[in-house]
Amino acid sequence: MSREAITLGFPFVSAPNQKPFPFRFEFPPDLLIISARAGEIVDALQEHNVIILAGETGSGKTTQIPKLCLTAGGGSQGRIACTQPRRVAALSVSKRVAEEMGVRWGREVGCKVRFSDQTTKDTVVKFMTDGMLLAEVQSDPQLSEYDTIIIDEAHERSLNIDFLLGHLRLLSLRRPELRIVITSATIDTAAFSKAFEDAPVIEVSGRTYPVEVVYALLDGLGSDEAEGNESTSKAEALHYVDGAVEAVHRILSTTAAGDILVFMPTERDIRETIDFLGSEARKCDLIPLFGRLSNSEQQRVFTATARRRIIVATNIAETSLTLPGIRYVVDTGLSRLSRYSPQARTRRLPIEPVAKSSADQRKGRAGRVAEGVCVRLYSEKDYEEGLRFTHPEIQRANLADVILRMKALGLGDIERFPFINMPAAKAIRSGYALLDELHAIEATGPEKELTNVGRELARLPVDPIVGCMILQARTEKAVREVVIIAAGLSVQDPRERPLDKQGAADAAHRRFTHPESDFLTLLEIRAALHDQFEQLSQGRMRRWCRDYFLGYSRMREWRDIHAQLLDTLRARRDFQPSSVWDGQADTATPEECSAKLRFGQAVYRSIHRCVLAGLLSNIAARDDEKGGYKAPHDRRGNIFPGSGLFVKEERKRSSPGAKAGANSNKPKGPRWMMAAEIVETSRLYA
DNA sequence: GAGCACTGC
């Protein structure tokens with residue numbers, strides 16, 4: 001294989017130790033289109049402090065850009081940081097770049113993510129998650145360790161990315177020599193360029209194949225005659241699940257090969273789609289794909305089989321996972337999106353039409369191996385009139401955490417921070433109100449400043465609501481227990497319910513269920529796990545988790561966050577680990593705590609007083625007249641069926657022993673409760 | 001009677 005060396009190596013000097021750093025400066029033109037533009041990009045890097053690099057996935061920008069920065073002289077006055085939105089990407093890309101450069105991974109090219117730092121003082125190219133770079137801002141706002149910062153996948157516009165971009169805008173004024181590279185999908189570059197004083201945009205085309213778009217209106221899908229049918233009423237419109245099933249059948253009946261990817265907004269729709277497809281698509285492999293599947297279930301999409309595959313997925317297939325072999329995409333044009341409602345203090349998960357940028361991304365998934373086809377179950381008009389971009393997360397999120405961390409970082413007030421898109425004034429007020437409720441801020445004159453509590457919360461790597469529980473635990477002397485709960489509330493629920501084994505999973509989980517508190521259920525799970533994690537090998541540990549329908553990686557993450565929180569607290573002398581039940585925390589294992597928890601009212605109360613410190617606005621009272629629960633901010637909801645406190649509603653027919661019309665015998669939930677979270681999905685659930 | 005996706009010194 002001949003590889004064209006675009007630029008020849010020169011003796012490379014890294015700032016910290018002044019040691020020469022020889023590596024291969026080769027850009028493989030046969031593999032990556034970006035190589036053809038290498039010279040142009042290097043020139044731009046030398047002429048401008050900030051450049052925007054636009055290119056679709058597959059253009060090779062992620063792996064080639066660090067090398068181009070080195071070629072342009074980056075890495076000589078400090079390290080090169082390259083951020084990724086996800087841990088897996090940071091790890092895999094860093095390994096590949098180390099290999100391409102012919103250096104050892106973990107030395108010259110390293111990777112730093114939470115719980116794993118594979119860098120040394122010799123590291124010149126440092127891959128990391130964007131959250132990790134943000135965390136470094138706290139101890140070093142100037143980011144003086146780096147001479148070049150690459151923000152990759154900036155179009156994803158996560159809170160972390162928008163936060164970093166705002167900070168870099170300010171930092172580039174103070175450190176004019178700092179090189180900044182922002183990479184993004186092609187469609188989304190104007191805002192970035194404008195934010196950085198009209199920084200040049202360089203576009204590199206991706207190595208993708210053309211994808212034909214077919215608009216199949218749901219109400220016209222059943223018949224080929226669309227003309228004269230414009231007035232089809234909405235009531236006759238096909239449900240998008242039926243539409244997708246129909247579209248898949250058409251693809252199957254007119255084509256012989258090529259995998260099919262279907263985008264659905266919810267897990268429930270995915271199950272339905274697979275049910276409906278099952279009867280007629282037996283010759284194919286039907287694969288569901290969504291975030292709550294276990295790792296092994298997710299891995300199915302990467303194992304090739306002889307049969308044609310139909311993958312039915314949520315958004316996860318839009319950004320997080322790249323699927324091989326897709327030729328056909330069926331796009332419902334819908335997705336579930338998280339939106340925080342400041343008035344109701346509630347997170348909502350509505351199903352919404354996707355933005356153009358998202359629809360384009362979905363379409364692109366069909367053109368990675370050959371020409372493809374994308375069937376959109378909506379009209380071209382809907383596509384054209386849709387939002388250009390999904391609202392960035394900063395405009396959809398609860399801002400309490402953002403405001404708190406900005407103040408702690410000394411970045412000033414959120415109202416004056418140079419975000420690319422400003423969050424709404426209403427959302428900002430709501431963020432302040434929540435911080436005020438948590439006693440994290442106080443008004444001193446016209447400005448609102450952090451209190452001691454606020455400063456302590458900012459130091460804890462958890463949401464301020466959860467941090468409040470930990471701070472209260474110091475007073476209650478329940479640090480050990482509450483830190484377990486706090487870490488548990490910071491990860492996704494480790495309990496798994498596989499599609500085909502829901503009964504068995506529920507039965508296994510019942511072993512842990514505390515009848516009066518889901519918070520104590522978390523303690524029970526951790527207690528059962530504790531000894532196992534210390535004693536079992538990883539293989540046996542995985543098996544133990546599988547037996548109890550617990551996700552291994554989520555359990556490990558829970559343990560890691562738990563350990564990180566304890567480390568953070570131990571570093572402070574006034575925060576000794578204490579346990580509710582004997583005050584001799586260091587000898588109390590979670591197992592022992594659990595045994596005590598089953599009996600002591602005092603223990604129960606103590607722990608829940610801590611939890612309550614963060615959840616004042618999530619207290620709810622049973623409403624016997626109208627049913628359900630009433631919560632502050634004019635909310636009315638029900639206990640989520642996954643909760644240990646959930647009580648089945650009684651059917652109309654009363655059981656044999658019950659007196660007719662005697663309401664008092666109806667099973668009821670507790671009179672009062674407090675919810676870790678109140679989320680609106682199909683209904684409002686606590 | 002059931003909830004998209006990420007991430008943190």
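Note on naming: letters A, B, ... go to the chains in the order of the sequence lines (proteins, then strands), and numbering restarts at 1 for each one. Computed from heavy atoms alone, side chains included, the values below leave out hydrogens, waters and symmetry copies.
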Check every atom of dA5(B), dC9(B), dC6(B) against the side chain of Arg86(A) and return the nucleotide holding the closest atom. dC6(B)

Is Ser335(A) touching bases, backbone alone, or none of the nucleic acid, heavy atoms closer than 4.0 Å? nothing

With heavy atoms under 4.0 Å as the rule, sort Arg347(A) into base, sugar-phosphate or nothing. base

Indicate, with yes or no, if the rings of Tyr378(A) and Tyr240(A) have centres closer together than 6.0 Å. no

Which residue, Ile351(A), Val241(A), Leu289(A), forms the side chain to side chain contact (heavy atoms under 4.5 Å, CB included) with Met264(A)? Val241(A)

At 4.0 Å (heavy atoms only), tell me whether Glu156(A) reaches a base, stays on the sugar-phosphate, or touches nothing. nothing

Where the side chain of Arg336(A) is concerned, which of dG8(B), dC4(B), dG1(B) is the nearest nucleotide? dC4(B)

Could you check how far CG of Leu134(A) sits from C1' of dG8(B), rounded to whole Å? 8 Å

Does atom CZ of Arg268(A) have more than 12 heavy-atom neighbours from other groups under 6.0 Å away? no

OP1, OP2 of dG3(B) versus side-chain N and O of Ser682(A): anything below 4.0 Å? yes

Could you check how far CG of Leu565(A) sits from P of dC9(B), rounded to whole Å? 10 Å

Sugar-phosphate, base or nothing in reach of Arg348(A), heavy atoms under 4.0 Å: nothing

Quick one: which of dG1(B), dA5(B), dA2(B) gets closest to the side chain of Glu393(A)? dA5(B)

Any idea which of dG8(B), dC4(B), dA5(B) is nearest the Arg114(A) side chain? dG8(B)

Send over the distance from His391(A) NE2 to dC6(B) P, rounded to a whole Å. 22 Å

Quick one: label Ser158(A) by what it contacts on the DNA or RNA (base, sugar-phosphate, nothing), any heavy atom closer than 4.0 Å. nothing

With heavy atoms under 4.0 Å as the rule, sort Thr568(A) into base, sugar-phosphate or nothing. nothing

State which of dC9(B), dA5(B), dG3(B) makes the closest approach to the side chain of Phe290(A). dA5(B)

So if I take every side-chain heavy atom of Arg87(A) and compare against dG8(B), dA2(B), dG3(B), which nucleotide ends up nearest? dG8(B)

Choosing from dG3(B), dC4(B), dC9(B), which nucleotide comes nearest the side chain of Met132(A)? dC9(B)

In terms of side-chain heavy atoms of Ala135(A), which of dG3(B), dA5(B), dC9(B) is nearest? dC9(B)

Residues 401-411 of chain A, side-chain donor-acceptor partners within the protein, below 3.5 Å, at least two apart:
{"from": "Asp401(A)", "atom 1": "OD1", "to": "Arg405(A)", "atom 2": "NE", "distance (Å)": "2.8"}
{"from": "Asp401(A)", "atom 1": "OD1", "to": "Arg405(A)", "atom 2": "NH2", "distance (Å)": "3.1"}
{"from": "Asp401(A)", "atom 1": "OD2", "to": "Arg405(A)", "atom 2": "NE", "distance (Å)": "3.4"}
{"from": "Arg405(A)", "atom 1": "NH1", "to": "Ala458(A)", "atom 2": "O", "distance (Å)": "3.0"}
{"from": "Arg405(A)", "atom 1": "NH2", "to": "Leu460(A)", "atom 2": "O", "distance (Å)": "3.3"}
{"from": "Arg405(A)", "atom 1": "NH2", "to": "Val462(A)", "atom 2": "O", "distance (Å)": "2.8"}
{"from": "Lys407(A)", "atom 1": "NZ", "to": "Asp413(A)", "atom 2": "OD1", "distance (Å)": "2.6"}
{"from": "Lys407(A)", "atom 1": "NZ", "to": "Lys448(A)", "atom 2": "O", "distance (Å)": "2.8"}

Value in whole Å for how far the P atom of dA5(B) lies from CD of Glu352(A): 16 Å

Given dA2(B), dT7(B), dA5(B), which nucleotide is nearest the side-chain atoms of Pro641(A)? dA2(B)

Check: Glu136(A) side chain, dC9(B) base, donor-acceptor under 3.5 Å: no

Give a yes/no on whether any side-chain N or O of Thr319(A) is located under 4.0 angstrom from OP1 or OP2 of dC6(B). no

Would one find a side-chain N or O of Gln564(A) under 4.0 angstrom from OP1 or OP2 of dG8(B)? no

Hey, is the side chain of Thr681(A) poking within less than 4.0 Å of OP1 or OP2 on dG3(B), counting only N and O atoms? yes

Taking the nucleotide of DNA chain B with the nearest heavy atom to each, does Leu289(A) or Leu460(A) sit closer to the 5' end? Leu289(A)

Please report the distance, rounded to the nearest Å, between CZ in Phe163(A) and C1' in dC9(B). 15 Å

Arg683(A) CZ - dG1(B) P separation (whole Å): 7 Å

Any chance you could lay out the salt bridge (charged side-chain N to carboxylate O under 4.0 Å, His left out) test for Arg474(A) and Glu456(A), step after step, and finish with the verdict? CA-CA 12 Å; Arg474(A) 179 174 38 186; Glu456(A) 289 192 286; 3.3 Å; yes

If we count only N and O atoms by modelled type, under 3.5 Å, do the side chains of Arg347(A) and Asn398(A) hold a donor and an acceptor together? no

Rounded to whole Å, please give me the gap between CG in Leu349(A) and P in dA5(B). 10 Å

Between dG3(B), dC4(B), dG8(B), spot the one nearest the side chain of Thr266(A), thanks. dC4(B)

Contact class for Glu267(A) (heavy atom, under 4.0 Å): base, sugar-phosphate, or nothing? sugar-phosphate

Is the shortest side-chain N/O distance from Arg292(A) to OP1 or OP2 of dA5(B) below 4.0 Å? no

What is the distance, rounded to the nearest whole Å, between atom CG of Asp493(A) and atom P of dC4(B)? 14 Å

Could you tell me if Arg79(A) sits above the aromatic ring of Tyr146(A), with its cationic atom closer than 6.0 Å to the ring centre and no more than 45 degrees from the axis? no

